[in-house]
Amino acid sequence: MQEWEQDSPLIIEKGKGSYLIDTEGRKYLDGTSSIWVNLHGHRHPRLDRALITQLRQIAHSTFLGLSNPPAILLARELIRLAPKGIRRVFYSDNGSTAVEVALKMAVQYWQQRQPKAGPKQSFLHLKMAYHGDTVGAVSVGNIELFHARFKPLLFPTRQVDPPYCYRCPLNLAYPACRMACIDPLEALLKTRHRELAAVILEPLVQAAAGMMVAPPGYLTRVRELCTQYQVLLIVDEVATGFGRTGKMFACQHEGVTPDLMAISKGLTGGYMPLGATLTTEEIYRAFLGRYEDWKTFFHGHSYTGNPLGCAVALANLDIFRRERTLPQVRKKSRLLARLLRPLAGLNHVGDIRQCGFMVGIELVEDRRTKRPYPLELRIGYRVAQACRVRGLLLRPLGNVIALVPPLSITPQELTRMVSILDQAIRETTEEPAVSR
Ligand SMILES: Cc1ncc(COP(=O)(O)O)c(C=O)c1O
């Protein structure tokens with residue numbers, strides 16, 4: 001806040017397509033998709049229209065004990081698109097709440113499914129995970145910088161190292177490692193399955209952890225182990241969902257069906273806050289009973305199932321079909337990979353990780369030893385500042401530059417984005433400016 005008070009903060013007034021426009025009329029490429037939410041560009045006529053049309057009906061009525069047409073239609077559409085076996089939708093209002101719902105549902109499911117067995121109420125998650133900023137989501141997260149202060153508030157969990165191939169915790173290399181990083185997860189499932197309600201992870205890409213891309217087959221193996229040890233699998237598709245990785249949902253790359261799935265961000269194409277937790281018929285049925293059986297899932301937010309959000313989400317999904325968004329993303333992802341290739345040769349680029357339109361460029365002080373830049377050098381922030389003066393807005397993840405373009409970006413805009421980033425990385429890391 002001290003810096004914010006001294007700086008001149010950017011005030012974004014308008015947007016169009018891949019661009020954000022500030023109060024001074026300056027245009028910036030939206031390199032974060034407004035923090036990973038925007039898919040089809042700003043001011044998409046169909047999304048604007050869907051909101052206006054819904055406004056003529058009603059902006060909001062509670063979802064507690066009632067329903068509304070856009071929420072019903074959206075649930076049907078989500079089920080159609082979700083991994084096979086996902087049949088039910090529970091709405092909330094953002095990514096963190098969608099995760100909270102999944103955690104609470106998992107615990108209550110086991111209470112109702114096996115009332116006589118010992119409690120299955122703890123969670124297994126990855127170190128460096130990020131699942132949101134509410135206390136439950138922080139409990140299953142582990143980003144030291146964000147979370148350390150709140151430790152006294154958090155519930156205990158089990159953690160294992162993430163599949164971070166560039167800095168493999170076991171010092172092995174893929175594929176010769178045969179994914180040995182999964183062994184500790186298996187060992188914990190084996191010894192602790194009686195107390196574990198669920199494993200939670202982001203499928204394929206641990207996004208806020210630094211866009212760490214898991215090796216192929218990692219998610220499949222986690223699914224197999226969860227099934228074997230009767231522990232639920234929660235996938236957090238808040239960042240990876242809605243085409244970001246080239247499929248509608250990341251777990252569809254490996255044909256994996258989770259037991260619970262948290263979605264938000266791209267759900268409304270970046271227009272409105274909305275979240276949902278999707279689940280299977282089996283889990284849903286464990287919550288059915290007479291009132292006095294006390295199986296009700298008591299979790300409701302004021303804006304749960306907001307009609308404006310659901311209406312714009314429906315239009316958002318419709319655009320996927322009309323504009324053939326997924327095949328386009330896959331094609332443009334290949335272009336993006338080609339554009340990024342020369343950056344891998346820069347002196348301070350340690351690793352470039354990409355999965356579809358999710359890119360992490362890890363900057364290192366020493367490429368040979370992979371020595372990281374000290375955080376206080378704020379190298380990622382400085383690269384982002386250098387991008388900003390050139391007309392590209394980014395938000396780094398520590399020393400990792402995250403590039404998450406809108407799915408609708410044109411090849412020309414994508415080329416410009418990477419060119420700006422290339423210049424900014426060179427200027428920031430290769431000039432004498434990088435001094436301690
Ligand atoms: C994987 C993941 N889960 C959950 C969240 C939390 O979502 P929200 O910011 O909408 O609460 C985020 C946000 O960045 C996320 O990346």
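Numbers here simply count residues along the sequence, with the first being 1. No experiment lies behind these values; they were computed from the predicted model shown. Indexing begins at 1, ligand by ligand and atom by atom, following the structure's order.
Contact shell of ligand 1 (protein heavy atoms, cutoff 4.0 Å): Trp36, Asn94, Gly95, Ser96, Tyr130, His131, Gly132, Glu202, Asp236, Val238, Ala239, Lys265.
Under 4.0 Å is where a charged nitrogen must lie from a carboxylate oxygen, and between Glu144 and Lys151 at least one such pair does. Using a 4.0 Å cut-off between charged side-chain N and carboxylate O, Arg80 and Glu77 make a salt bridge. The pair Asp30-Lys16 fails the salt-bridge criterion, with no side-chain N (NZ, NE, NH1 or NH2) lying under 4.0 Å from an Asp/Glu carboxylate O.
Of the options Ile234, Leu260, Val235, Leu124, a side-chain contact (heavy atoms from CB on, under 4.5 Å) to Ile200 is made by Ile234 and by none of the others.
Using modelled atom types, one finds no donor on one side chain facing an acceptor on the other under 3.5 Å when comparing Thr227 with Glu224.
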Start with the C-alpha distance between Glu100 and Lys104, add both sets of side-chain angles, then the distance that settles salt bridge (Lys or Arg N to Asp or Glu O under 4.0 Å), and finish with yes or no.
-> CA-CA 6 Å; Glu100 296 285 334; Lys104 289 170 69 179; over 6 Å; no
